[in-house]
Amino acid sequence: GYTLDATATGLTLDTSDTFNITATPTQLAITTEPVSTNNGFTMANVVVEVRDAQGNLVTDSTSSVSLAFGTDPSAGSATLGGTLTQSAVAGIATFNDLTIDEVNTAYDFALTSTGLTSTTSASFNITQSPATQLAFVTQPGNTVAGVNIAPAITVELRDSNGTLVSDNTDNVTLALGTDPSAGSATLGGTLTVAAVAGVATFNSVNLDKAFTGYDLVASSAALTTDTSTSFNMTPAAKSKLAIITQPSTAEYNSNITPAITVEIRDAFDNLTADTDSISFTINNNPGTSTLRGTSSVKAISGTATVGDLN
């Protein structure tokens, strides 16, 4: 769209035909550098221009521009996400969805395009995002009543992208969520621990009541809580007897009703599944009575029932 005028004093000027000045792309130049960002979060736009040898923007260029790590302090363990090749629009390529998942310092980007001189960005850092949520990693397993749950329960403090916040040392607390014991169970052990490198480890947690379908809730200040998978508690070793249906006043020579029942229990009063034989004898005998009937009964699933004592 250019034209030239030819002039001389006293002469009629003349104007040239229209002609164009074209620019040949030769190089890339970053006009908006990358800035330090939290891990896993979308970076601010990185903008690259296609320029000629004199540094002018080549506005008709649609060259494909690719972005990759230049300096990678993670030694290859970091993942660069987003659209890593963009076509220039009016000579400008914009990278608007870049992410890096690993915390480190002094990253930079290399920008390339076929046939053009590449360029390298300024260095930048990827910083740790703050913790926003908790996540059970080692879930509680089925355990015997009164015994510490093993392996140890572990809970991670994570950012909003689900990435471990490895420098976090906040306190994490465990409590019963679903409690099939209806409140009779006691959750024991150390229930609040400080995270180490973003992980809270609970190695002394126990429950005293044998039920199925417990779960635990992990909490820490204002972070989003997490609920464990369900687990069961089984009775400990048999330890004692408990008369459940007590003998009632009865006529002499008549069977005591209702039938007397006795349970075999562990140290925490959980019914066991043992099948020991249980014997009945008179303890306090104010007269000279003789106990008659079945004086020894084999327990079934931890319970012995006798209905003919008199």
Side-chain angles (χ1 to χ4, degrees), residues 38-41 77-79 81 99 101-103 127-240 263-274 301-302:
N38 286 337
N39 60 315
F41 282 75
S77 62
T79 298
T99 62
D101 62 351
E102 186 165 318
V103 174
T127 54
Q128 179 62 64
S129 305
T132 62
Q133 60 185 312
L134 299 172
F136 279 92
V137 178
T138 305
Q139 299 281 349
N142 298 336
T143 311
V144 174
V147 176
N148 290 338
I149 295 173
I153 301 164
T154 58
V155 179
E156 287 187 354
L157 293 96
R158 296 179 175 179
D159 64 22
S160 59
N161 290 308
T163 302
L164 173 68
V165 180
S166 58
D167 61 353
N168 190 286
T169 58
D170 290 348
N171 286 338
V172 179
T173 299
L174 292 183
L176 279 175
T178 301
D179 179 6
S181 78
S184 65
T186 298
L187 183 63
T190 304
L191 303 180
T192 298
V193 301
V196 176
V199 180
T201 301
F202 299 85
N203 53 20
S204 65
V205 175
N206 55 73
L207 275 163
D208 60 350
K209 296 302 179 185
F211 284 93
T212 60
Y214 288 100
D215 63 41
L216 300 177
V217 175
S219 61
S220 179
L223 304 187
T224 301
T225 61
D226 192 29
T227 300
S228 75
T229 56
S230 64
F231 62 97
N232 307 323
M233 302 299 295
T234 54
K238 59 187 177 182
S239 172
K240 58 187 178 181
E263 290 184 351
I264 302 172
R265 294 185 172 184
D266 66 14
F268 307 101
D269 279 329
N270 296 302
L271 174 66
T272 73
D274 291 286
S301 298

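Model, not experiment: these values are computed from the prediction. For reference, positions follow the sequence shown, starting with 1.
Considering every non-hydrogen atom in both Asp274 and Thr272, the closest pair reads OD2-OG1, 2.7 Å. Closest non-hydrogen pair, Ala210 versus Thr234, comes out as CB-C, 3.7 Å. Nearest approach of Ser181 to Lys209, heavy atoms of both residues: CB-CB, 4.4 Å. Here the shortest heavy-atom pairing between Val155 and Leu134 reads CG1-CB, 4.0 Å. The minimum heavy-atom distance linking Ala267 with Ser239 is given by the pair N-CB, 3.5 Å. Closest approach of Gly213 and Asn232 over heavy atoms only: N-OD1, 2.9 Å.
The CD1 atom of Ile264 lies 6.5 Å from the NZ atom of Lys238; values are rounded to the nearest 0.5 Å. Atom OG of Ser219 sits about 8.0 Å away from atom CG of Leu174, to the nearest 0.5 Å. The CD atom of Gln139 sits 3.5 Å away from the OG1 atom of Thr229 when rounded to the nearest 0.5 Å. To the nearest 0.5 Å, the span separating CG on Leu157 from OG1 on Thr163 amounts to 13.0 Å. Atom CG of Leu207 sits about 5.0 Å away from atom CZ of Phe231, to the nearest 0.5 Å. Gln133 CD to Leu223 CG: the interatomic distance, rounded to the nearest 0.5 Å, is 9.0 Å.
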Run the numbers on Asp159 and Thr132 for side-chain hydrogen bond (donor to acceptor under 3.5 Å, both in side chains), then give the verdict. CA-CA 5 Å; Asp159 64 22; Thr132 62; over 6 Å; no
Go through the steps to decide whether Phe202 and Val172 satisfy the test side-chain contact (heavy atoms from CB on, under 4.5 Å), and finish with yes or no. CA-CA 10 Å; Phe202 299 85; Val172 179; 4.0 Å; yes
Dump the intermediate steps for side-chain contact (heavy atoms from CB on, under 4.5 Å) on Thr138 and Ile153, then the final yes or no. CA-CA 5 Å; Thr138 305; Ile153 301 164; 5.6 Å; no
Derivation and outcome, side-chain contact (heavy atoms from CB on, under 4.5 Å), residues Glu156 and Asn168: CA-CA 9 Å; Glu156 287 187 354; Asn168 190 286; over 6 Å; no
From CA spacing to verdict: side-chain contact (heavy atoms from CB on, under 4.5 Å), Asp266, Val144: CA-CA 11 Å; Asp266 66 14; Val144 174; over 6 Å; no
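Counting heavy atoms from C-beta outward, Pro130 and Asn38 have side chains that approach closer than 4.5 Å. With a 4.5 Å cut-off on side-chain heavy atoms, Leu187 and Leu216 count as touching. Proximity of Ser160 to Phe41: side-chain heavy atoms (C-beta onward) are separated by under 4.5 Å at one or more points. Side-chain contact between Ser184 and Phe211 is present, with at least one heavy-atom pair separated by less than 4.5 Å. At least one side-chain heavy atom of Leu191 sits less than 4.5 Å from a side-chain heavy atom of Val205. Contact of the Val137 side chain with the Val199 side chain is not registered, since no non-hydrogen atoms from C-beta on lie closer than 4.5 Å.
In terms of modelled atom types and a separation under 3.5 Å, the side chain of Thr143 and the main chain of Gly141 share a donor-acceptor contact. In this structure a side-chain-to-backbone donor-acceptor pair under 3.5 Å is missing from Asp208 to Phe268. Not a single donor-acceptor pair under 3.5 Å links the side chain of Thr201 to the backbone N or O of Thr154. Side chain of Asp215 to backbone of Thr178: a donor-acceptor contact under 3.5 angstrom is found. Checked by atom type and distance alone, the side chain of Asn171 never pairs as donor or acceptor with a backbone atom of Thr192 at under 3.5 Å. At distances below 3.5 Å, not a single donor-acceptor pair connects side-chain atoms of Asn270 with backbone N or O atoms of Pro235.
With 3.5 Å as the limit, one finds a donor-acceptor pair spanning the side chains of Ser129 and Asn39.
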